[in-house]
Amino acid sequence: MNYWLFKTEPAECSIDDFARAPDTPIVWEGVRNYQARNFLRDQVAIGDQVFIYHSSCKDIGIAGIAKVVKAAYPDPSQFDRNSIYFDQKSTTEQPRWIAVNLLFVSKLEQLIRLDKLKSLATLIELPLVRKGNRLSVMPVTRAEWQTIIALT
DNA sequence: GCCAACGTTGGC
DNA sequence: GCCAACGTTGGC
């Protein structure tokens with residue numbers, strides 16, 4: 001089993017949206033970065049654990065945990081002309097973009113703030129805290145996962 | 001709202 | 001295949 005961190009803007013999809021419907025899988029769509037796409041396509045597997053990270057908002061940090069309940073499949077939003085994620089260059093034969101489904105696991109009692117994560121020597125390799133990082137889907141090592149879990 | 005850093009595009 | 005210009009991300 002692998003560990004991941006997925007970024008989301010809570011105005012779009014927050015941990016509270018997960019918590020509100022804990023039995024309903026969330027379609028993780030709209031990833032439009034090739035490196036992140038490749039992780040979704042090649043490595044994210046059913047049963048993997050995912051930190052849900054809130055970005056571009058007031059309270060920035062890890063807000064909760066989800067798990068993967070459906071592995072890579074074509075992101076439906078790429079074919080939807082009405083979606084902001086529509087991609088004219090995608091075809092059903094050769095889809096460019098990948099979605100997975102997530103299910104709520106837990107909401108952290110206290111959000112783990114970005115500055116807290118940045119302050120930990122054991123997390124210096126975590127892409128999230130590295131300068132200029134823009135990955136919206138990133139791997140988390142087992143050691144990093146346990147470091148972060150220990151903060152809760 | 002600013003802007004650094006990075007990714008993507010497209011001309012050559 | 002280079003690289004300038006442009007677009008996006010995302011913290012501050």
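Proteins come first, then strands; the chains are lettered A, B, ... in the order of their sequence lines, and each starts at number 1. Model, not experiment: these values are computed from the prediction.
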Expressed in angstrom and rounded to an integer, what is the separation of A/Asn133 atom CG from C/dT8 atom C1'?
-> 14 Å

Student check: side-chain heavy atoms of A/Pro25 and A/Lys70 closer than 4.5 Å | no

Closest to the side chain of A/Lys89, out of C/dG11, C/dG10, B/dT9, is B/dT9

For A/Lys58, answer base if it contacts any base atom (sugar-phosphate contacts may also be present), sugar-phosphate if it contacts only those atoms, and nothing otherwise; contact means non-hydrogen atoms under 4.0 Å.
-> nothing

When the distance from CG of A/Leu5 to C1' of C/dT9 is rounded to whole Å, what number comes out?
-> 15 Å

Just how far, in rounded Å, is C1' of B/dG7 from CZ of A/Arg96?
-> 13 Å

Between A/Tyr53 and C/dG11, does any side-chain N or O lie under 4.0 Å from OP1 or OP2?
-> yes

Quick note, A/Leu114 side chain, CB onward, closest among B/dG7, C/dC12, C/dG10 is C/dC12

Give a yes/no verdict on a cation-pi contact between A/Lys107 and A/Phe104, requiring under 6.0 Å between NZ or CZ and the six-membered ring centre and an angle within 45° of the axis.
-> no

Tell me: CZ of A/Arg32 to P of B/dT9, nearest whole Å?
-> 13 Å

Specify the separation, in whole Å, of atom CZ of A/Arg130 and atom P of B/dG7.
-> 14 Å

Candidates B/dG7, C/dG11, C/dG10 - which lies nearest the side chain of A/Lys7 = C/dG10

Remember a base hit wins even if backbone is also touched, and classify A/Ser56 as base, sugar-phosphate or nothing at under 4.0 Å, heavy atoms.
-> base

Note, A/Val129 side chain near A/Leu120 side chain (heavy atom, < 4.5 Å) = no

Side-chain N or O of A/Lys131 less than 4.0 angstrom from OP1 or OP2 on C/dT9?
-> no

Spacing of A/Asp115 atom CG relative to C/dG11 atom P, expressed in whole Å = 11 Å

How would you list, by chain and number, every residue that makes a side-chain contact (heavy atoms from CB on, under 4.5 Å) with A/Gln43, sequence neighbours excluded?
-> A/Trp4, A/Phe39

Testing B/dT8, B/dG7, C/dC12 for proximity to the side chain of A/Gln35, the answer is B/dG7

Using atom CG of A/Asn33 as one end and atom C1' of C/dG10 as the other, report the distance to the nearest whole Å.
-> 13 Å

Do you see a donor-acceptor pair shorter than 3.5 Å between the side chains of A/Trp28 and A/Asn101?
-> no

Take atom CG of A/Asp59 and atom P of C/dC12, then tell me their distance rounded to the nearest Å.
-> 13 Å

